[in-house]
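So the structure is just underneath, and the comments pick up after that.
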Amino acid sequence: QTPGATPPPAASAGGAARGGAPAAHGREAEAAEAAEAAEAAEGAARYTALMAAGHAANRRLEFVEARRCFTQAHRAQPGCSTALISAANMASKLGELSEAQAEYERALALPRLPEKSRLLCVKKLAELLTASAASEAAERAAADDRRRQGFVQDAEGFWTRVDGDSERAY
């Protein structure tokens, strides 16, 4: 280079800023993509481990633990219907009917729900609603029977005989 000559664009401060910015942006984008891929892989591995633990707990009839595992698996992979449906199944086995119903309904609202899963949710939801209606009918029948036997129910839900007997029942 001759003295007093203009340096090439890459050597000037402005050229370095212009030439370096796209390269730096490209490296940042690559780093962000790599981080997202690592996070997705970690979430998938966590999902797989939690699903396996949930199925093992279900086989041991530990429905509370199975439900916890399936719920956490759904959090790890929110778009996956299997974990949510499995959590709903465990809620149903535990008698948590309103929670099970809400989870089946959430599963039905998931985008791209496979047809087989949709049919399973509809079937399980119908079973829940039928069981709930039968349970409510049984409770009404039991209350009617207690009334026929001379019991009254107080504000706390206890049944007491009208004749003053101190016998109380739930």
Side-chain angles (χ1 to χ4, degrees), residues 28-161 165-170:
E28 289 174 10
E30 287 175 11
E33 287 175 15
E36 285 179 23
E39 188 176 319
E42 184 179 307
R46 180 168 165 70
Y47 171 85
T48 301
L50 286 165
M51 289 299 290
H55 288 300
N58 185 30
R59 284 191 297 278
R60 293 188 310 269
L61 306 179
E62 296 174 2
F63 304 131
V64 172
E65 176 64 11
R67 179 165 162 65
R68 185 190 67 75
C69 290
F70 293 137
T71 300
Q72 287 184 357
H74 179 66
R75 287 188 190 121
Q77 297 284 315
C80 185
S81 61
T82 304
L84 183 57
I85 294 168
S86 295
N89 289 340
M90 295 305 106
S92 180
K93 287 181 179 184
L94 290 165
E96 299 170 355
L97 303 183
S98 61
E99 290 87 350
Q101 179 179 346
E103 288 172 352
Y104 287 129
E105 289 172 349
R106 279 182 38 220
L108 286 168
L110 288 173
R112 298 180 306 278
L113 182 68
E115 183 64 13
K116 183 177 178 183
S117 297
R118 189 188 70 74
L119 292 173
L120 176 66
C121 285
V122 168
K123 176 185 173 217
K124 294 286 191 173
L125 199 50
E127 289 172 1
L128 274 180
L129 296 174
T130 300
S132 180
S135 176
E136 289 172 9
E139 286 179 22
R140 284 192 303 274
D144 290 344
D145 185 56
R146 285 189 174 147
R147 285 186 194 95
R148 282 192 296 277
Q149 293 177 20
F151 284 85
V152 294
Q153 190 173 22
D154 64 20
E156 296 172 339
F158 291 100
W159 291 89
T160 308
R161 284 200 186 272
D165 189 347
S166 62
E167 180 181 351
R168 292 181 82 159
Y170 292 99

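Since the structure is predicted, the reported quantities are computational estimates derived from the model, not experimental observations. In this chain, numbering begins with 1 at the start of the sequence shown.
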For the residue pair [X] and [Y], what are the closest heavy atoms and their distance?
| X | Y | answer |
| --- | --- | --- |
| Ala107 | Cys121 | CB-SG, 3.8 Å |
| Ala87 | Arg67 | O-NH1, 3.1 Å |
| Ala66 | Ala57 | N-CB, 3.6 Å |
| Cys80 | Tyr47 | SG-OH, 2.9 Å |
| Leu113 | Leu108 | CD2-CA, 3.8 Å |
| Leu110 | Gly79 | CD1-O, 4.4 Å |

[atom2] on [Y] to [atom1] on [X], rounded to 0.5 Å:
| X | Y | atom1 | atom2 | value |
| --- | --- | --- | --- | --- |
| Phe70 | Leu50 | CZ | CG | 9.5 Å |
| Gln101 | Leu129 | CD | CG | 5.0 Å |
| Asn89 | Leu128 | CG | CG | 9.0 Å |
| Arg147 | Gln153 | CZ | CD | 6.5 Å |
| Ile85 | Lys116 | CD1 | NZ | 10.5 Å |
| His74 | Cys69 | NE2 | SG | 15.0 Å |

Exercise. Would you call Lys123 and Glu127 a salt bridge, using N to O less than 4.0 angstrom?
Worked result: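 Result for this pair is yes, salt bridge flagged.
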Exercise. Do the charged groups of Glu65 and Arg60 touch, with an N to O distance under 4.0 Å?
Worked result: no
Problem set entry | Derivation and outcome, side chain to side chain contact (heavy atoms under 4.5 Å, CB included), residues Leu94 and Glu99 | CA-CA 10 Å; Leu94 290 165; Glu99 290 87 350; over 6 Å; no
Problem set entry | Residue pair Thr48 / Met51, side-chain heavy-atom distance below 4.5 Å |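 They are not in side-chain contact.
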Exercise. Hey, does the side chain of Ser86 reach the backbone of Thr82 with a donor-acceptor pair shorter than 3.5 angstrom?
Worked result: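 Yes, Ser86 side chain to Thr82 backbone: donor-acceptor pair under 3.5 Å.
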